[in-house]
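Presented below is the structure to which this report refers.
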Amino acid sequence: MNNKEFVAELAKQTGRTPKETQTLITALVGELSAQLSDENMVSVQGFGNFEVRKKAEHIMVNPSTRQRMLVPPRIDIKFRPGTTLKESLK
Amino acid sequence: MNNKILLTDLANGTATRSGLPKKDSEYFVRSFFELISQSLLKDKIVKVKGLGTFKVVEVEGRDSVNVNNGERIHISGHSKITFSPDSAIRDIVNRPFAAFESIILNDGVVFDPVVEDEPLSDESDESFAVNEENPEGIAQQPEAKPESEPLPSEIASEAEPLQPEVATDSEPLQPEVTSPNDLLQTEDATAEPNAQEMLQAVASPIHDGQQHVDESEQPSMPDVSAAGPSSDADAGSAQNDSVVAEPAEREDLATMQAETVPVVLSNQASASNTTGTAGNSVAAHIPTAAPAANATATEEMGEVAPHVPTLRPMIAHRPRYVVNHSPRFSEYDMEELDQSVESFSWTQCLLKAVGVLLLLVISYIAGSFHLFDSGCKPEPNVVFQDEIARADSLLVVPGAKEIVEEQTPDTLIASAAEEPKPETAQQQPVPSAQQSAASSRQPGAATQQTSAQPQQVQQQSAAQTGVRQTKEPQQPTSDSQPKSNTLSNVSNYPQLQGSAYEIVGVKSEHVVRVGESVNSIALKELGSKEFSRHIILLNHITNPDIINVGSRLKIPELRHR
């Protein structure tokens with residue numbers, strides 16, 4: 001399901017226009033990223049947790065070329081699905 | 001920071017951003033995530049612009065080995081949810097590190113952990129440098145002497161108006177300062193006590209925070225003696241012509257304080273942790289700056305900085321020793337400072353900072369006069385940066401100098417010169433020992449006065465070669481240790497870099513049959529195809545995709561590291 005379909009489906013469920021829905025999604029994602037930037041963990045019941053992980057600087061070797069790269073530190077977003085979601089997958 | 005944000009908080013945030021009522025917002029957020037999970041189950045993939053992509057990925061069942069007991073276990077196939085964040089949100093979160101980029105490393109770039117023997121090698125370097133430098137310093141000493149004669153009066157005139165100011169700051173010190181003056185006046189010319197006063201005044205604020213008058217006096221004596229006799233024959237030769245050379249000696253000490261400032265200045269540019277240590281050295285020699293922490297320290301630095309370049313030529317007379325010593329003693333001073341910091345008040349600190357600053361300015365003026373009067377050519381300052389670097393590295397090895405002492409117990413003068421140093425090492429815990437140290441310094445100086453200068457040069461160089469000899473055997477051993485370590489592992493079998501398992505032997509041989517691959521052999525023989533890399537390595541297989549039927553492959557015996 002791509003973004004267009006997703007917005008359309010969400011608009012239908014919430015009874016709003018797709019345009020309205022898109023702005024709301026933008027607001028929601030903005031809030032989420034703001035919280036994650038503050039290194040907060042966003043926990044959504046029944047869905048999963050969004051959290052940030054700091055990755056230390058490390059040396060990576062390209063297996064084929066044997067070229068070594070110094071990979072800088074970075075902050076990654078991790079999503080861990082909740083148990084409800086994982087159970088429903090089975 | 002590190003809070004757990006729940007759906008309601010998220011909904012509230014969204015409400016404020018979009019202007020939607022909180023209730024509606026919460027409903028929207030709820031249905032948003034609901035829809036994601038529903039369509040994830042239905043379509044296996046959901047793309048949300050700005051957030052990222054959720055995907056359901058099927059994981060095949062596989063055989064593996066239990067890393068603890070080596071048992072083979074089967075991990076059954078399952079599906080898992082992956083999330084790859086949209087580049088927009090990823091960039092927002094990663095903003096603190098956005099400026100970094102991956103760097104391609106060239107061959108030969110090694111990232112070995114910093115080993116402890118590094119300061120040691122520096123120390124041996126230093127001892128070598130001192131060995132080289134000192135004869136020069138001695139050679140320069142007599143040269144400087146005749147010209148420095150007019151100097152004492154200058155120091156006297158400059159120092160005297162200042163003295164009361166410092167004394168008012170450190171009230172208990174005043175009587176103490178005068179008494180050694182009287183003693184010293186019998187010994188030396190009038191200018192000498194003034195220089196001494198200056199130094200004591202500088203050194204005293206370290207101690208008078210504790211309000212122990214005698215303590216405050218005594219440690220300052222070893223402090224002086226530290227740079228005096230501890231600079232071996234230098235000091236001795238200086239005291240030969242005590243009247244003239246003594247002030248020069250003291251003045252060098254004064255410049256030493258100023259010299260620690262460039263150390264800091266250069267350090268601040270380089271690294272923050274080295275700034276800390278260098279800051280210590282400044283703090284100890286400009287003691288008032290220490291309690292006042294960074295604020296006054298940097299303030300002072302800024303003011304002193306302009307003078308520093310002009311001071312350098314003068315420092316070049318005998319720079320090595322002064323530089324090398326200053327950080328070491330500053331460490332000891334710092335310990336005591338730390339204890340006394342609590343009892344310091346800010347106003348006191350500021351007053352003293354001003355006082356010390358004035359002293360530095362005076363020493364600078366006096367020094368420049370000294371330079372012009374003497375007309376002797378200062379050495380080029382090329383070595384200066386090296387010295388700073390070396391002095392920095394020496395901050396780590398306070399005990400190293402004590403090894404030097406052990407090497408030279410036989411000679412009379414050397415031992416006389418040594419005496420204050422172990423004492424200063426114990427300065428803090430044993431104030432009573434300092435008394436003996438201070439008293440022993442004077443006889444030590446006396447013996448130095450009687451002995452001939454060339455003799456001292458010889459003994460000094462002998463002492464230093466002794467140091468070098470002891471240092472040299474230490475260095476190779478420290479170097480060879482990690483090598484031999486790695487050798488024992490690599491010796492018999494090639495090892496795979498970055499693997500949790502190491503090859504310790506050959507378990508068996510495997511005859512390759514039709515349809516087998518290195519992976520399948522590894523899976524069969526060792527339990528996981530992960531170990532194919534070890535087989536490839538052990539058998540020196542150049543192309544793992546092609547192995548000949550009927551060839552015998554050595555199966556490695558693996559051990560967990």
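Each chain gets a letter, A, B and so on, in the order its sequence line appears, and its residues count up from 1. Just so we're clear, the structure is a prediction, and the values are computed from it rather than from any experiment.
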Chi angles and distances behind the side chain to side chain contact (heavy atoms under 4.5 Å, CB included) call for L20(B), R16(A): CA-CA 12 Å; L20(B) 209 71; R16(A) 292 171 197 278; 3.7 Å; yes
Backbone N or O of E516(B) within a donor-acceptor pair of the S520(B) side chain at under 3.5 Å? no
Test side chain to side chain contact (heavy atoms under 4.5 Å, CB included) on I5(B) and F50(A) and set out the steps. CA-CA 10 Å; I5(B) 303 296; F50(A) 293 94; over 6 Å; no
Heavy-atom distance under 4.5 Å to chain B: side chain of V42(A), backbone, both or neither? both
Side chain from CB out, backbone as N, CA, C, O: work out which of these in T23(A) comes under 4.5 Å of a heavy atom of chain B, or both, or neither. neither
So what's closer than 4.5 Å to chain B heavy atoms on Q35(A): side chain, backbone, both or neither? side chain
Counting heavy-atom pairs under 4.5 Å with chain B, which one of E5(A), E51(A), Q67(A), M60(A) comes out on top? Q67(A)
Can you tell me which portion of P81(A) sits under 4.5 Å from chain B's heavy atoms? Options are side chain, backbone, both or neither. side chain
Could you walk me through whether F32(B) and L24(A) satisfy the side chain to side chain contact (heavy atoms under 4.5 Å, CB included) test, starting with their C-alpha distance in whole Å, then the side-chain angles of each, then the deciding distance to 0.1 Å, before giving a yes or no? CA-CA 10 Å; F32(B) 175 83; L24(A) 278 175; over 6 Å; no
Does N40(A) reach the main-chain N or O of N3(B) with its side chain, forming a donor-acceptor pair under 3.5 Å? yes
If you count heavy-atom pairs within less than 4.5 Å of chain A, which of L51(B), L40(B), T82(B), N12(B) leads? L51(B)
Side-chain donor/acceptor of N3(A) to backbone N/O of K49(B), under 3.5 Å: yes
Assert top hit (heavy-atom pairs under 4.5 Å, partner chain B, pool G46(A), S43(A), A27(A), S33(A)) equals S43(A)
I45(B) versus chain A, heavy atoms under 4.5 Å apart: side chain, backbone, both or neither? both
Counting distance only, does the side-chain N/O of S39(B) pair as donor-acceptor with the main-chain N or O of K42(B) below 3.5 Å? no
Scored by heavy-atom pairs under 4.5 Å with chain A, the best of D86(B), L7(B), V48(B) is V48(B)
Region of E101(B) that comes under 4.5 Å of a non-hydrogen atom in chain A: backbone
Between the main-chain N or O of T17(A) and the side-chain N or O of T21(A), is there a donor-acceptor pair closer than 3.5 Å? yes
Mind checking whether F6(A) and F54(B) have ring centres under 6.0 Å apart? no
Residue selection (most heavy-atom pairs with chain B, distance under 4.5 Å) from R66(A), K4(A), Q22(A), E31(A): E31(A)
Check: K554(B) main-chain N/O paired with N539(B) side-chain donor or acceptor under 3.5 Å: yes
Side chain / backbone / both / neither for N94(B) at chain A, heavy atoms under 4.5 Å: both
Selection from F100(B), F28(B), Y27(B) maximising heavy-atom pairs under 4.5 Å formed with chain A: F28(B)
Contact winner vs chain B - L28(A), T84(A), V44(A), V71(A), heavy-atom pairs under 4.5 Å: L28(A)
I'd like to verify something: which residue of T53(B), T16(B), T8(B), I104(B) has the highest number of heavy-atom pairs under 4.5 Å with chain A? I104(B)
